[in-house]
Amino acid sequence: MSEKQKLRVLVVDDEEDIIEILTYNLEKEGYEVSTANNGVKAVKNAVSFKPDVILLDIMMPNQDGVETCRQIREIPELKNTFIIFLTARSEEYSEVAAFDVGADDYIHKPIKPRALISRIGALFRRETKKETDSNQIAVRDLIIDRSSYTISKDGQIIILPKKEFELLYFLAKNPNMVFSRDELLKNIWGADVFVLARTVDVHIRKVREKIGDDYIFTVKGVGYKFNLL
């Protein structure tokens, strides 16, 4: 059995034809697929199915995709699950809201199955590359541990959502270097993921709220850096 055949995908959408099309194409590529047609069922299914990837519609009955993503991101066992939003909505605030609750990617409908499968593959390729890096960074009073996706500050464990953790890890690994929003988007989300630059600001703000605001500095007109002092 190949590595791809071991991967699980949860497809969440209230349109049956979309579920059928995506299920067919994913299974054809060797993925194991489970489905849900609303957000409430999606959360329950995610707990039992433990997917590697969740394809999540935004507009659904009972519970929308944003709230569903927020709930899933609070489940420790699913902290490393990729969440890709699929939506017909084009408003900027919808995209910002999606990344604000922990989305890894955001794809507009109509969906092209082959392009979607390519995007899923790109997420796992980036993850494999990250795993070749050193697992732990000790800087100032922080210990940033990639193997457990946890941060220890003065002996207290802090849990960050995946993208917040990756952003902090990347900046701490390159201390005193200033990175623009575009550079951070490319290194954390990937060049093939179309994310608003404002998303970086949202994630920086959330990291500061959890670890303190004296680690990541804003360089006006340029970007952000991790300060060693």
Side-chain angles (χ1 to χ4, degrees), residues 1-75 77-91 94-95 97-131 161-163 188-196 199:
M1 181 179 290
S2 70
E3 187 64 26
K4 182 179 288 187
Q5 289 175 316
K6 299 177 184 177
L7 299 177
R8 297 180 173 186
V9 181
L10 172 60
V11 179
V12 185
D13 203 297
D14 62 333
E15 297 184 46
E16 190 62 34
D17 58 339
I18 290 180
I19 287 180
E20 289 180 1
I21 290 170
L22 294 181
T23 298
Y24 170 79
N25 283 276
L26 288 163
E27 289 182 341
K28 185 178 177 182
E29 290 294 313
Y31 292 99
E32 183 178 349
V33 180
S34 183
T35 66
N37 59 11
N38 65 61
V40 175
K41 290 180 181 178
V43 175
K44 293 180 180 178
N45 198 334
V47 171
S48 59
F49 185 59
K50 294 181 175 57
D52 300 287
V53 181
I54 299 174
L55 304 178
L56 182 61
D57 187 26
I58 284 188
M59 294 186 293
M60 295 184 295
N62 300 330
Q63 181 172 285
D64 67 19
V66 172
E67 174 59 20
T68 300
C69 181
R70 186 192 66 76
Q71 291 182 18
I72 289 172
R73 285 300 184 216
E74 292 178 350
I75 301 171
E77 295 82 3
L78 301 175
K79 64 182 179 182
N80 293 329
T81 296
F82 292 115
I83 298 180
I84 301 175
F85 274 87
L86 309 176
T87 180
R89 302 187 69 162
S90 58
E91 305 95 341
S94 294
E95 186 168 344
F99 286 109
D100 196 18
V101 292
D104 293 287
D105 203 348
Y106 189 95
I107 298 175
H108 292 280
K109 294 178 179 178
I111 300 161
K112 298 177 181 178
R114 291 186 65 182
L116 174 61
I117 289 168
S118 177
R119 295 276 275 270
I120 293 173
L123 286 174
F124 283 104
R125 285 193 297 273
R126 286 201 301 274
E127 191 67 14
T128 300
K129 183 177 182 299
K130 289 172 184 175
E131 288 174 357
K162 191 168 188 175
K163 281 293 183 284
I188 306 304
W189 281 267
D192 53 347
V193 177
F194 301 100
V195 184
L196 296 171
T199 300

Rounded to the nearest 0.5 Å, the CZ atom of R119 sits from the CD1 atom of I84 at a distance of 7.5 Å

For Y31 and I120, work out which heavy atoms get closest and say how close.
OH-CG2, 3.8 Å

Steps toward side-chain contact (heavy atoms from CB on, under 4.5 Å) verdict (I117, L26)
CA-CA 7 Å; I117 289 168; L26 288 163; 4.1 Å; yes

Test item: I72 and V43 side chains (from C-beta on) under 4.5 Å apart, heavy atoms:
yes

Is the backbone N or O of I83 less than 3.5 Å from a side-chain atom of D104, with the two atoms forming a donor-acceptor pair by type?
yes

Residues two or more places apart in sequence or in another chain: which of them pass side chain to side chain donor-acceptor pair (under 3.5 Å) with S34?
N45

Spatial distance of atom NE2 (H108) from atom CG (L86) [nearest 0.5 Å]
11.0 Å

K79 side, atom NZ; E77 side, atom CD - distance, nearest 0.5 Å:
9.5 Å

Distance col, row T81:OG1 vs R8:CZ, nearest 0.5 angstrom, shows 11.0 Å

In a table with atom names and distances, give each donor-acceptor pair under 3.5 Å that connects a side chain of residues 54-64 to protein atoms at least two apart or in another chain.
residue, atom, partner, partner atom, Å
D57, OD1, K109, NZ, 3.2
Q63, OE1, Q71, NE2, 3.1
Q63, NE2, T68, OG1, 3.1
D64, OD1, V66, N, 3.3
D64, OD1, E67, N, 2.9

Using side-chain heavy atoms (C-beta onward) and a distance below 4.5 Å, is L22 in contact with V9?
no

Distance (rounded to the nearest 0.5 Å) between I188 CD1 and K162 NZ
11.5 Å

Between I19 and A36, the two heavy atoms sitting closest are CD1-O, 3.8 Å

With the side chain counted from C-beta on, respond yes when R73 and C69 share a heavy-atom pair under 4.5 Å apart, and no when they do not.
yes

Distance, nearest 0.5 Å, that separates CD1 of I111 from OG1 of T87
9.5 Å

Name all pairs fulfilling the side chain to side chain donor-acceptor pair (under 3.5 Å) condition that reach into residues 15-25, sequence neighbours left out, sorted by first residue then second.
none

